[in-house]
Structure formats: C-alpha cells, structure tokens
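Naming: A, B, ... by sequence-line order, numbering from 1 per chain. Everything numeric in this text was worked out from a predicted model, so none of it was measured.
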There are 2 protein chains.
Amino acid sequence: MPKTKKDNEQNSMASGQIDKGLQIKGRLWVECEGRTYLSWGRITLLERVDEHGSVSAAAKSMKMSFSHAWHLIENMNTLAPEPLVEKQAGGRQGGGTWLTAAGKQAVQDFWQLVAKFQNWIEHEHF
Amino acid sequence: MPKTKKDNEQNSMASGQIDKGLQIKGRLWVECEGRTYLSWGRITLLERVDEHGSVSAAAKSMKMSFSHAWHLIENMNTLAPEPLVEKQAGGRQGGGTWLTAAGKQAVQDFWQLVAKFQNWIEHEHF
C-alpha cells in the first residue's frame, strides 16, 4: 500500500504542463536489487563531498547528521561495482574525503538520466 | 534541499532495467498551482471509495485515518474543476459516498499517465 506523503516531501525532479492549469511532476531513483542506490538526496550528498572534501561539511551543508551521511556513503560504496567515495585518515595535515572517478561518473550519469526524464515529461502528450 | 527518504517510502509506480543489475524507478503525481492534486495514494483512495461506497471503509482498507481520508477528498474536490466525490447524508437507509463521472475520469486519466510513464521507462535508452 502506498503511503500518502506530505506535499513538501514530494520534491520533483522533473515537471511538465498538462491542461487545466495542472502540472505533472516526477521523481526518479536507481535501485540495486530492491535497495535504493542513487537518488536525488544521495547524489546531492556526493556533490557536496566533492565540493567540500569532507563528509562532515557536506552533511552540515545539507542539514543532515554526520552519521546518516556516512551511512548513505557506505551504502553506496557497498552497492557500487567500485567505491564512489574514498577517505584518507587525518594526520597533522588533516585527512580528506573525495569522489573517485566512479563517483564522479555516477553523479554525471544520474543527472543525464534526470535530463532524459525532464525531456520526456515536457514532450510526451498527456 | 531534498530530504533523504527511507527505502520503504519510495514506492515506485514504474520501473525499468539499466545495466549492471540496476533498476530505474520512478513516481509521478499531478499538482495544481504547486499543491498535490492527484498521486498514487490519492487515486487509490478514490478507487477504494468507488469500491466500498464509504469513506470510512475506504480509509480502513488503506490503514488511513478517516479524518485524513476526508481531508484528502475535500482537498481533491476543491482543486478539481468539479467535485470528484459526492456524499449523501445517511437516513434510515444509510448514506453513501461515490465517485462522480469526473472522479472516475480522474482515476482513468491518472493510470493512463502511469502507463505512459512505464512505457517510457521501459523503452528509453539509459
């Protein structure tokens, strides 16, 4: 049974116009064997890690707890054919966290998928 | 900022296969001036009202509170060009609740939209 969601939980990734002042909205995500692998939130987290070089700063910028951010990253790393995020423990120079080439590719592929979705929703005859 | 959802909240309405054992999943809904108008849950509620002839029974069948079900129905009736659900107060014969022709059309249109989404997600080259 589908749960009824609150309006503000239904952030759309694509939208198009249908008649009578109505808009069609949609979300996409990618699963691996029934488990969420990539979604809008997860991809945004990867982008923020790439931007900040730190999971702590990335999580803070999304108002997400550090532990939840790490849980999501470890989950993506486990489901991916190769890790999307790598971390070096900090010494005196401080450690760091960065996206691997596979991580950058995943971000790029996801937004390409969203662009195709937006293109479909704009051009389909509803 | 998109919220990160739990896996079990991401009930998909359409799904397709992409490479490496990954599935693409998606949801669609219809908004009226930024407010949710029709969604999977709302349409299911309309179908249950049609089936049971009672909002109370329809809500119960979805494990939804009666007041929430009425709130959703009143909200859809307000946003629709004409009411989707009508109610007759109960006398000795009991009252009743039913879908109007517009309500039945909304259900049909929504599933047609979902079918187009499923068709796209199956045939698009990701």
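The local environment of NZ in K87(A) is crowded, with over 12 non-hydrogen atoms from other residues, nucleotides or ligands closer than 6.0 Å.
Of the two parts of I121(B), only the side chain, counted from C-beta on, holds a non-hydrogen atom closer than 4.5 Å to a non-hydrogen atom of chain A. For a residue to count as touching a neighbouring chain, one of its non-hydrogen atoms must lie under 4.5 Å from one of that chain's; by this rule E124(B) touches chain A with the side chain only.
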Could you check Q23(A) against Y37(B) for side chain to side chain contact (heavy atoms under 4.5 Å, CB included), going step by step and ending with a plain yes or no?
-> CA-CA 9 Å; Q23(A) 299 86 43; Y37(B) 169 46; over 6 Å; no
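Taken together through direct or relayed side-chain contacts under 4.5 Å among Ile, Leu, Val, Met, Phe, Trp and Tyr, W98(A) and V49(A) form parts of separate hydrophobic clusters.
Scanning all heavy atoms of the two residues, the minimum distance from C32(A) to L22(B) falls at CB-CD2, 3.7 Å.
Side-chain atoms of K116(A) and W120(B), non-hydrogen and from C-beta on, do get closer than 4.5 Å to each other.
Once rounded to the nearest 0.5 Å, the distance linking NZ of K25(B) with CD of E31(A) reads 4.0 Å.
Between chain A and the options L45(B), L38(B), I24(B), the largest number of non-hydrogen pairs under 4.5 Å is found for I24(B).
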